[in-house]
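Note on naming: letters A, B, ... go to the chains in the order of the sequence lines (proteins, then strands), and numbering restarts at 1 for each one.
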Amino acid sequence: MRWSHYFLFTLRDNPSDAEVISHQLLARAGMIDKLAAGIYTYLPLGWRSIDKLMRIVRDEMNAAGAVELMMPCVQPAELWQKSGRWQVYGKELLRLKDRHERDFCFGPTHEEVITDAVRRRITSYRQLPVNLYQIQTKFRDEIRPRFGLMRGREFIMKDAYSFHTSAASLDEAYRAMERAYRRVFDRCGLRYTAVEADTGNIGGSESHEFMVLAATGEDAVVSCPACGYGANVEKAASGPLPPPPAWPGRVPAAPEAVLTPGTTSVADVGEFLSLPPARFIKTMIVETDREFAVALVRGDDELNEVKLKNVLGAVHLQLASEAKVEQVTGGAMGFSGPVGLKGVRIVADFEVMRLEVAATGANRADHHLVGVVPGRDFTPDVVADLRVVRGGDACPRCGAPLEVQRGIEVGHIFKLGTKYSAAMECCYLDERGQTHPMIMGCYGLGIGRTMAAAVEQNHDEHGIVWPRPLAPFEVELIALNPDVAAVREAADGLYGQLQAAGVEVLFDDRDERPGVKLNDADLIGFPVRVVVGKKGVEQGQVELSLRRDRIKLPVPLAEGVARAREALASV
RNA sequence: CGGGGCGUAGCUCAGCCUGGUAGAGCACACGGUUCGGGACCGUGUGGUCGGAGGUUCAAAUCCUCUCGCCCCGACCA
């Protein structure tokens, strides 16, 4: 492709609304164009990357035995009412009406449609299992789209759905999908990790996320370098913490109230009473879709709201407002504690119950209780893992120190079970003629997000450094001085030869100054660059360089194509 | 939805506080000099200052409302 015949416009400045590096670079490199919040055009260069990634994904899905189809974006409300998600999904579901005022939505995911398609065709165990996938544009009306392609409202996703007669069969498909995902991300040259994940509102029994490791990731990933344990921080567990410093002095027979004016944070009270934060019981009042509840974690720990939500069986959970806190505890916000609380469920973290004595709020303004003994002075309704795991905590499997890194969730696979098949009567007859709901799995992979993640992980101060499999073109050929006949002829010749050799080449034949073309080449970041300049051509040479190390190497003009292909093979 | 910030030329921004002829750089067009790391000189095109209402002799500037965008939080296959 000749640049002069293409549709490629690079930007010198970062767009004012681009904050993360992948958004900045993809926009400056002329690959994407924002139309509205979280809604982007893939310009020709960007679309080539997307197309390459989709080919890799198709390849691996097909190899893993999944079958491609294409479902509609616009879906009738009836299906969603049947699964119950018309009510549950909330504002993230973009709803619309047709001219007859009938309700539709723009599909954020396709469990309903696929389950409907399968239930009307498959009736026998003999026809199972099946695994169907599509690559398609989704729409989710996110509360807050951000970070360019990383969290769009409209985005391209590969989604697959499998149907089974047994947990063993589902497990087989699940493992096959896991292997396929690994191959996809391996082929893309990404550094990633697969971790255990919370199943969220999708539901199901088991779930793994594929995280591309990058500092700008929205998620925290906990991993054990010793045994390979890995989990999203929402889900991650740890071994027991080391005990906090000893309680100073004697443990009283009953909690004693002390005056602690104005000290509402653990840090403040700790300093005021000369107690370490780990000796406090942090008490948080939460409000869920069904109740108020009280969560207790050790003073130096953070509450993991996802874990708490799961323990409480809640769909939504938030910290209670000041007024609600006072209503529940009878005391001021910032002075809450579990002692004497009535009428609410109390959930305590394991580490709280391991404290033989502690301090906590007195449910009375400007007062705390010291000498509180868990189990003696209060009894939680549930004891569970509620804390956010931190770097250095013990691995729950082997005890080695855990690491915490940032990650971008590019894939997520779930064992769904019968949640949708039961609700939508997607059933089969077994050998004995009995009816059962099918057992389902679902498997998502964000196409645009993976492209953005690749840029987050592969760039330098000059621009993008594409891994070859995702590079829009493999080689950029630059005619530095196209007004010089010898240069033009040499570059034209190389261009024809590269094309004939099947190399994907973008030929920068623009009438621009050398600096502009060289800087643009760095910005758009194809793996191999071939520069034809006046001086070189006089000596029968062109210059070859790799984007990653930017080392320039003169090669004979006649060997240009062969050497470029060698260089490509090396990346 | 809560908190913060921003909407002025295709892009990045200044001007606003303290009301008085709408600006710069880049991009684009033409001419000239340049040409291996984002050149220079000259000329030129391009803006209902996000929108509506108000105050005023006069509004990009002050006030009210509204729309859009970005960041933090809550939320999130």
Could you give the CD-to-C1' distance, from A:E142 to B:A74, as a whole number of Å?
13 Å
Would you kindly give the CG-to-C1' distance between A:L480 and B:U34, to the nearest whole Å?
15 Å
A:D13 CG to B:C11 P: how many Å, rounded?
11 Å
Comparing A:V532 and A:A18 on RNA chain B - which has the more 5′ nearest nucleotide
A:V532
Applying a 4.0 Å non-hydrogen cut-off, can you work out what A:K138 is touching in the nucleic acid: base, sugar-phosphate, or nothing?
nothing
Across all strands, who's sitting opposite B:G23 as a Watson-Crick or G-U wobble pair, both distances under 3.5 Å?
B:C13
Say we look at B:A52 and B:A39: how far apart would their C1' atoms be, to the nearest angstrom?
47 Å
Decide, yes or no, whether a salt bridge links A:E78 with A:K82 under the criterion of side-chain N to carboxylate O below 4.0 Å.
no
Donor-acceptor pair, A:H462 side chain versus A:G525 backbone, under 3.5 Å?
no
Starting from C1' on B:C11, measure out to CG on A:D33 and report it in whole angstrom.
12 Å
Could you tell me how far B:G10 sits from B:C28 if I compare only their C1' atoms? Round to whole Å.
9 Å
A:R449 (side chain) donor-acceptor with A:I156 (main chain) under 3.5 angstrom:
no
Atom pairs, protein N/O to nucleotides 71-73 of chain B N/O, distance under 3.5 Å:
| residue | atom | partner | partner atom | Å |
| --- | --- | --- | --- | --- |
| B:C72 | OP2 | A:R144 | NH1 | 3.1 |
| B:C72 | OP2 | A:R144 | NH2 | 2.5 |
| B:C72 | OP2 | A:R146 | NH1 | 3.3 |

Check this one for me: any side-chain N or O of A:K34 less than 4.0 Å away from OP1 or OP2 of B:C11?
no
Is there a donor and acceptor pair, one atom on the side chain of A:R12 and one on the base of B:C11, closer than 3.5 Å?
no
What is the pairing partner of B:G42, taking Watson-Crick or G-U wobble pairs with both distances under 3.5 Å in any strand?
B:C30
Return yes if some donor-acceptor pair links the side-chain N/O of A:E209 with the main-chain N/O of A:A197 below 3.5 Å, else return no.
no
Donor-acceptor pairs under 3.5 angstrom involving side-chain atoms of residues 482-489 of chain A: please list them, not counting sequence neighbours.
| residue | atom | partner | partner atom | Å |
| --- | --- | --- | --- | --- |
| A:R488 | NH1 | A:P482 | O | 3.0 |

Output the rounded distance in Å from CG (A:D522) to P (B:G37).
13 Å
Which residues in residues 510-517 of chain A have a heavy atom closer than 4.0 Å to any atom of RNA chain B?
A:R513, A:P514, A:G515, A:V516
From C-beta outward on A:N519, which listed nucleotide comes closest to its side chain: B:C35, B:C76, B:G37?
B:G37
By ring-ring contact (aromatic ring centres under 6.0 Å, His included), A:Y495 pairs with (sequence neighbours left out) A:F507
Which residue lies more 5' along RNA chain B, comparing A:G38 with A:K535 via nearest heavy atoms:
A:K535
Taking only nitrogen or oxygen atoms into account, show me every contact under 3.5 Å that the protein makes with nucleotides 4-7 of chain B, one pair per line with its distance.
none

Any sub-3.5 Å donor-acceptor pair from A:N304's side-chain atoms to A:E234's backbone N or O?
yes
With ring centroids as reference points, do A:F7 and A:F9 lie under 6.0 angstrom apart?
yes
State which of B:G37, B:A74, B:C76 makes the closest approach to the side chain of A:E305.
B:A74
Quick note, ring pair (Phe, Tyr, Trp, His ring centres under 6.0 Å) partners involving residues 512-539 of chain A, not counting sequence neighbours, are A:F473-A:F526
Working to the nearest 0.5 angstrom, can you tell me the gap between A:H23 NE2 and A:D17 CG?
5.5 Å
Test your reading of the model: is there a side-chain donor-acceptor pair from A:K307 to the backbone of A:R387, 3.5 Å cut-off?
yes
How about A:H412 and A:F414: are their ring centroids closer than 6.0 Å?
yes
In the structure shown, which nucleotide is the Watson-Crick or G-U wobble counterpart of B:U61, with both distances under 3.5 Å?
none
